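The structure appears below as structure tokens.
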Amino acid sequence: MRAMKDQIRYRLADGQELALPPLEGPQRVDYRQWKSQQGPGEEVGPKVRVAGRIVLQRPTGKLIFLNIRDWTGDIQIFVGQRQVGHHNWQIAECLDLGDIIGVDGRLGRTNTGELTVFAEELHFLCKTLEPPPEKYHGLTDPELRQRLRYLDLLYTEGVLETFLKRTRIVQAIRRVLDEQGYIEVEGPTLHTIAGGAAARPFITHHNALDIDLYLRIALELHLKRLLVGGIEKVYELGRVYRNEGISPRHNPEFTMLEVYQAYGDYHTMMDLAEQIVLGSLRAIQDDYCVQWGETVIDFTPPFARRTYDELFQEHTGITPSDSKAVADFASRIGLHPQGKHPDVIKSEIFEEVVEPKLIGPVFVIDYPAALCPLTKRKRDNPQIAERFELFVQGMEIANAYTELNDPDLQEELFRTQLEGLPEEESMARMDHDFLRALRNGMPPAGGLGIGVDRLVMLLTGSRSIRDVILFPLLRPEAGAK
RNA sequence: GAGGGUGUAGCUCAGGCGGUAGAGCAACGGACUUUUAAUCCGUAGGUCGCGGGUUCGAGUCCCGCCACCCUCACCA
């Protein structure tokens with residue numbers, strides 16, 4: 001019915017209301033339960049009302065089979081010319097792939113046993129004017145999948161599922177923390193000094209105050225101010241921004257969790273990190289194993305806890321305290337140890353040789369102190385920092401310290417950190433405001449940071465961070481308005 | 001920023017030694033009252049990423065540029 005189809009387009013263009021008032025359907029029907037109770041050939045099911053987007057269409061003369069999709073899945077619609085009458089049949093003949101319709105009918109089974117809504121009334125709810133992706137292959141071009149994420153969600157298998165899982169994981173993280181009495185806060189995202197990490201910030205400008213501001217690169221320094229202020233168990237789960245390269249593991253904006261607990265230490269945080277990971281996993285599946293490419297990650301607790309030096313020795317065969325042997329090893333694998341602090345050489349080897357082998361999950365604990373400026377040293381060994389990182393598949397998922405709360409030492413460490421920076425990066429200025437807070441006394445505390453996007457990647461088996469960020473940063477399209 | 005790969009119809013993809021553009025799906029017209037990526041007959045659809053060059057002739061060869069993907073670097 002060409003004429004009616006054109007009319008629909010015309011009316012849409014005219015901005016007129018086509019959709020029906022909100023559908024107040026009959027009682028909801030649990031398809032799965034009903035399905036399990038019926039056998040093939042069953043024709044008379046409950047009356048149902050469904051709505052969704054047409055993803056497949058099989059017209060066979062005076063009969064049209066449609067598959068419509070909503071976010072719970074697909075269901076087949078049977079439309080018979082004789083069964084639905086003239087008006088509905090006219091609507092049915094105007095339908096295109098991608099249109100959104102509502103259907104009143106009875107749930108039943110076709111001769112082949114397919115669960116089907118046998119239409120009695122069709123409601124035209126929305127026209128789609130763009131052609132949908134190929135019905136079998138869907139969208140595969142990675143650029144289109146990101147630029148047209150709405151189509152990716154609709155037509156690429158598993159995409160919607162992954163993002164729904166992401167939401168459940170984030171909910172689970174909050175649940176674990178809330179149940180243990182941690183308080184969620186919202187710190188500023190515009191900072192006068194981009195502190196708490198070493199990364200290039202995005203710069204913006206406030207007109208009324210006429211000052212440059214930086215989008216935050218970490219949550220840390222404001223949460224610590226709250227520790228000073230007596231908020232003893234505190235966290236923030238939010239977006240941070242780093243003006244760095246883009247890769248399968250890096251997006252310029254990403255989601256961080258940082259947790260601080262007064263009178264806690266890195267052991268407290270290790271237990272908490274394990275609970276957060278397990279709580280997240282439980283929110284999306286029942287067992288502890290996650291498929292990751294060709295391999296399977298086993299999250300069965302408790303996670304291994306190994307010291308940095310232990311792992312170093314195990315994977316290099318070198319005694320970590322033998323700095324000459326360490327330097328020799330570094331040269332042998334193509335690193336350049338000349339003039340570097342022994343701990344730095346060790347860390348370069350560790351990143352190169354050990355980290356890729358940390359299939360995990362494994363807590364790496366007790367890092368060399370020189371690598372950890374914001375970390376308290378072990379009481380009985382000032383060479384060792386009370387820090388752990390949680391590794392899975394060679395990826396760093398969590399990072400935690402027993403936090404440094406000595407303002408003088410902190411200032412000194414800031415100073416040495418700033419010395420090494422080239423001029424253009426010395427926008428990282430001494431944070432006197434933060435030091436003043438520390439001088440007012442910050443209780444000893446454990447602190448934990450988790451890269452939420454990477455945790456979601458691991459738990460959902462996603463190989464790229466873009467697969468867990470709805471709208472990753474892309475260069476604007478040429479010629480786009 | 002460096003190296004490698006990709007870019008052809010709305011989508012998914014073919015295009016051998018350089019010889020004037022192909023399929024499937026989608027669209028449009030027709031047949032079909034139990035289909036399952038429905039099937040069958042027909043029609044229409046292209047700045048071969050963009051710009052130069054070589055050549056009688058370029059989707060194909062050369063140079064430059066653009067976008068995306070991968071690896072590396074930056075990202076404590």
Side-chain angles (χ1 to χ4, degrees), chain A residues 1-2 5-6 40-41 43 54-67 74-84 89 92 96-98 108-116 118 128-148 151-152 155-156 195-201 217-218 220 240-252 254 343-344 347-348 350-352 367-368 370-375 385 387 389 396 399 401 413 416-417 420-422 425 428 449 451 454 463-466 472 474-480:
Chain A
M1 267 267 130
R2 189 68 247 176
K5 205 161 190 167
D6 290 341
E43 287 282 342
I54 300 170
V55 292
L56 286 174
Q57 208 177 10
R58 290 178 296 282
T60 69
K62 309 261 181 306
L63 201 59
I64 300 174
F65 291 91
L66 302 170
N67 289 33
D74 293 1
I75 189 161
Q76 177 167 266
I77 309 296
F78 175 107
V79 184
Q81 184 179 34
R82 197 173 59 237
Q83 289 85 339
V84 298
W89 186 250
D96 286 316
L97 291 176
R109 287 182 182 282
T110 59
N111 292 347
T112 54
E114 178 82 11
L115 186 71
T116 301
F118 290 84
T128 185
L129 299 177
E130 297 276 346
E134 213 261 3
K135 69 185 180 188
Y136 185 61
H137 299 93
L139 271 193
T140 63
D141 182 328
E143 184 176 356
L144 289 179
R145 287 187 51 202
Q146 292 168 55
R147 288 197 194 280
L148 312 178
L151 294 182
D152 192 36
Y155 294 108
T156 309
R200 263 190 286 255
I217 58 173
E220 178 158 346
V240 299
Y241 306 84
R242 296 186 181 179
N243 204 339
E244 309 277 0
I246 297 175
S247 87
R249 291 180 181 187
H250 301 267
N251 194 60
F254 60 101
D343 282 352
V344 173
S347 114
E348 287 180 2
F350 194 88
E351 283 174 24
E352 188 73 24
Y367 277 67
L371 303 175
C372 315
L374 298 177
T375 312
R387 172 191 188 184
E389 293 193 1
E396 175 201 328
N399 186 9
Y401 311 138
L413 291 171
T416 52
Q417 197 181 5
L421 290 178
E425 286 176 42
R454 289 181 179 181
R463 307 308 296 266
S464 169
I465 199 167
R466 287 173 225 118
L474 284 174
R475 205 178 293 268
E477 270 177 286

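Computed from a predicted structure; not experimentally measured.
Among the protein residues, A:G451 comes within range of no part of the nucleic acid, since none of its heavy atoms lies under 4.0 Å from any strand. Across all strands, A:Q57 comes closer than 4.0 Å only to sugar-phosphate atoms, never to a base (heavy-atom distances). Residue A:N243 is out of contact with every strand shown, counting any heavy-atom pair closer than 4.0 Å. Counting any heavy atom pair closer than 4.0 Å across all strands shown, A:K62 reaches a base atom. Note on A:E244: a base of the nucleic acid sits closer than 4.0 angstrom, heavy atoms only. Nucleic acid contact class of A:P248 (heavy atoms, under 4.0 Å, all strands): sugar-phosphate only. Among the heavy atoms of the strands lying under 4.0 Å from A:L139 are primed sugar atoms or P, OP1, OP2 only; no base atom is included. Within the 4.0 angstrom heavy-atom criterion, no nucleotide atom of any strand lies near A:R249. Residue A:G245 is classed as a base contact, given a heavy-atom separation below 4.0 Å to a base.
For B:rA38, the OP1/OP2 oxygens have a side-chain nitrogen or oxygen of A:R58 closer than 4.0 Å. Dashed line: the shortest gap from a side-chain N or O of A:R145 to OP1 or OP2 of B:rC11 is not under 4.0 Å. Taking only side-chain nitrogens and oxygens, A:K135 comes nearer than 4.0 Å to OP1 or OP2 of B:rA26. For the pair A:S247 and B:rA73, the criterion of a side-chain N or O lying under 4.0 Å from OP1 or OP2 is not met. Close to B:rC68, at under 4.0 Å from its OP1 or OP2, lies a side-chain N or O of A:R475. Listed pair A:R466 / B:rC68 fails the phosphate criterion, with no side-chain N or O lying under 4.0 Å from OP1 or OP2.
Within the 4.5 Å cutoff, the side chain of A:V55 has heavy atoms near those of the A:D74 side chain. Side-chain atoms of A:Y367 and A:E389, non-hydrogen and from C-beta on, do get closer than 4.5 Å to each other.
Listed for the A:E244 side chain is a donor-acceptor partner under 3.5 Å among the backbone atoms of A:R200.
Within the shown strands, B:rG1 is the pairing partner of B:rC72 under the Watson-Crick or G-U definition, both distances less than 3.5 Å. B:rA27: Watson-Crick or G-U partner is B:rU43, with both key distances under 3.5 Å. Under the Watson-Crick or G-U wobble criterion, with both distances below 3.5 Å, B:rG19 is paired with B:rC56. Across all strands shown, B:rG7 forms a Watson-Crick or G-U wobble pair, both distances under 3.5 Å, with B:rC66.
The side chain of A:R147 has B:rA67 as its nearest neighbour among B:rA27, B:rA67, B:rA76. Listed nucleotides B:rC25, B:rU35, B:rC74 differ in distance to A:T60; the shortest reach to its side chain belongs to B:rU35. Nearest to the side-chain atoms of A:P131 among the listed nucleotides B:rG10, B:rA76, B:rA27 stands B:rG10. The A:L63 side chain lies nearest to B:rU33 when the options are B:rA76, B:rA27, B:rU33.
Two residues, A:P132 and A:E351, neighbour RNA chain B, and the one matched to the more 5' nucleotide by heavy-atom proximity is A:P132. Mapping A:G138 and A:R454 onto RNA chain B by nearest heavy atom places A:G138 closer to the 5' end of the strand.
Side chain A:Q76 to base B:rU35: a donor-acceptor pair is found below 3.5 Å. Residue-to-nucleotide contacts include a donor-acceptor pair under 3.5 Å from the side chain of A:T110 to the base of B:rU35.
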message: Let's go through A:L56 and A:F65 carefully: what are the C-alpha distance in whole Å and the side-chain angles of both, what is the deciding distance for side chain to side chain contact (heavy atoms under 4.5 Å, CB included) to 0.1 Å, and is it a yes or a no?
response: CA-CA 8 Å; A:L56 286 174; A:F65 291 91; over 6 Å; no

query: Is there a side chain to side chain donor-acceptor pair (under 3.5 Å) between A:R109 and A:Q76 once you walk through the steps?
result: CA-CA 10 Å; A:R109 287 182 182 282; A:Q76 177 167 266; over 6 Å; no

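Going from atom CD1 of A:I246 over to atom P of B:rC69 covers 8 Å, rounded to whole Å.
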